[in-house]
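Both backbone and side-chain heavy atoms feed into the values below; hydrogens, waters and symmetry mates do not.
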Amino acid sequence: MNTQTLLSALGGGVLIGTAACGLLYFNGRLAGISNLLTGMLSPASGDRAWRGAFVLGLLAAGLLLLGLYPQAFETAPRPLWVLGIGGSLVGLGAQISNGCTSGHGVCGLGRRTLRSLVATLTFMSTGMATVFLFNRLNGG
């Protein structure tokens, strides 16, 4: 891992933690992105405004990064169809585990919940095994 990758990962982690703490402090809500998005789709949801604002903030941050540091988007690590399948599997896993990496990994571990520890360990070990197998199958 080079220094640029390390700094990018550190900066991303700081921003995710800051956003999660800000949402909890100012709104009393956990920043689980999958549940946040699912709540926006529910017709009975009365709290779409803050959910929409949070999602717009995520998109705006991505656009700001694209404007300030376009090199971050020049090369995708895999073809788009592979990223699409991977994203769909992440969404399925988040639905099955009633939360995603941000909800369980950032907020749940911060709250010291056992189910978030189990979910995060499952996410991480499955991700590592998937990368290992994918690289082995592709000759890496």
Side-chain angles (χ1 to χ4, degrees):
M1 179 181 292
N2 62 32
T3 304
Q4 183 180 5
T5 302
L6 182 65
L7 290 176
S8 296
L10 181 62
V14 167
L15 289 174
I16 290 170
T18 302
C21 288
L23 186 62
L24 182 61
Y25 182 78
F26 291 111
N27 205 7
R29 304 288 183 146
L30 295 176
I33 304 302
S34 60
N35 287 331
L36 196 147
L37 288 172
T38 303
M40 283 181 61
L41 301 176
S42 172
S45 178
D47 55 359
R48 288 192 179 127
W50 73 265
R51 293 172 188 266
F54 196 88
V55 171
L56 286 176
L58 291 173
L59 295 173
L63 290 174
L64 181 64
L65 180 62
L66 179 63
L68 294 175
Y69 187 61
Q71 299 88 348
F73 296 91
E74 285 181 355
T75 58
R78 301 284 181 219
L80 285 178
W81 67 270
V82 173
L83 296 176
I85 291 172
S88 298
L89 290 173
V90 168
L92 177 64
Q95 190 67 30
I96 291 171
S97 67
N98 195 25
C100 59
T101 51
S102 61
H104 284 298
V106 176
C107 300
L109 289 181
R111 296 172 57 221
R112 297 183 183 146
T113 64
L114 179 60
R115 77 181 190 120
S116 290
L117 176 63
V118 171
T120 302
L121 289 175
T122 303
F123 293 151
M124 297 303 289
S125 61
T126 304
M128 285 186 248
T130 301
V131 168
F132 177 78
L133 289 174
F134 195 86
N135 286 337
R136 282 284 185 184
L137 292 174
N138 286 320

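- Under the 4.5 Å side-chain heavy-atom criterion for Ile, Leu, Val, Met, Phe, Trp and Tyr, Leu59 and Trp50 are members of the same hydrophobic cluster.
- With hydrophobic clusters built from ILVMFWY side chains whose heavy atoms lie under 4.5 angstrom apart, Met124 does not share a cluster with Leu121.
- Taken from CZ in Phe132 to CG in Leu137, the straight-line distance is 9.5 Å, to the nearest 0.5 Å.
- Hydrophobic clustering keeps Val131 apart from Phe134 (ILVMFWY residues linked when any side-chain heavy atoms are closer than 4.5 Å, directly or through intermediates).
- Each of Leu24, Thr113, Leu30 was compared with Cys107 under the side chain to side chain contact (heavy atoms under 4.5 Å, CB included) criterion, and only Leu30 meets it.
- For the pair Thr120 (side chain) and Leu117 (backbone), a donor-acceptor distance under 3.5 Å is absent.
- Here the CG-CG distance, from Leu133 to Asn138, works out to 11.0 Å after rounding to the nearest 0.5 Å.
- Pairs of residues two or more places apart, or lying in two chains, that qualify as salt bridge (Lys or Arg N to Asp or Glu O under 4.0 Å) and include a residue from residues 27-36 are Arg29-Asp47.
- Within the 4.5 Å cutoff, the side chain of Phe54 has no heavy atoms near those of the Leu37 side chain.
- Taking each heavy atom of Asn98 and His104 in turn, the nearest pair found is O-NE2, 3.7 Å.
- Interatomic distance, CG of Leu109 versus CZ of Arg111, reported as 11.0 Å (0.5 Å rounding).
- Across Gly108 and Ser116, no two heavy atoms sit closer than the pair CA-OG, 3.2 Å.
- Two residues are said to be in side-chain contact when any heavy atoms from C-beta on lie closer than 4.5 Å; Val90 and Phe123 fail this criterion.
- Remark: Ser8 OG to Gln71 CD distance equals 10.5 Å, nearest 0.5 Å.
- Follow the hydrophobic side-chain contacts under 4.5 Å out from Leu65 and you never reach Leu15; the two are in separate clusters.
- Of all the heavy atoms in Met40 and Val55, the pair that sits closest is SD-CG2, 3.9 Å.
- Put simply, CG on Leu83 and OG on Ser88 are 10.5 Å apart, with the number rounded to the nearest 0.5 Å.
- Under the 3.5 Å distance criterion, the side-chain polar atoms of Asn27 are left unmatched by any main-chain donor or acceptor of Leu23.
- At least one side-chain heavy atom of Leu58 sits less than 4.5 Å from a side-chain heavy atom of Ile33.
- Looking at every heavy atom in both residues, Thr126 comes nearest to Thr122 through OG1-O, 2.7 Å.
- Using a 4.5 Å cut-off between side-chain heavy atoms of Ile, Leu, Val, Met, Phe, Trp and Tyr, with links allowed through other members, Trp81 and Leu89 fall into the same hydrophobic cluster.
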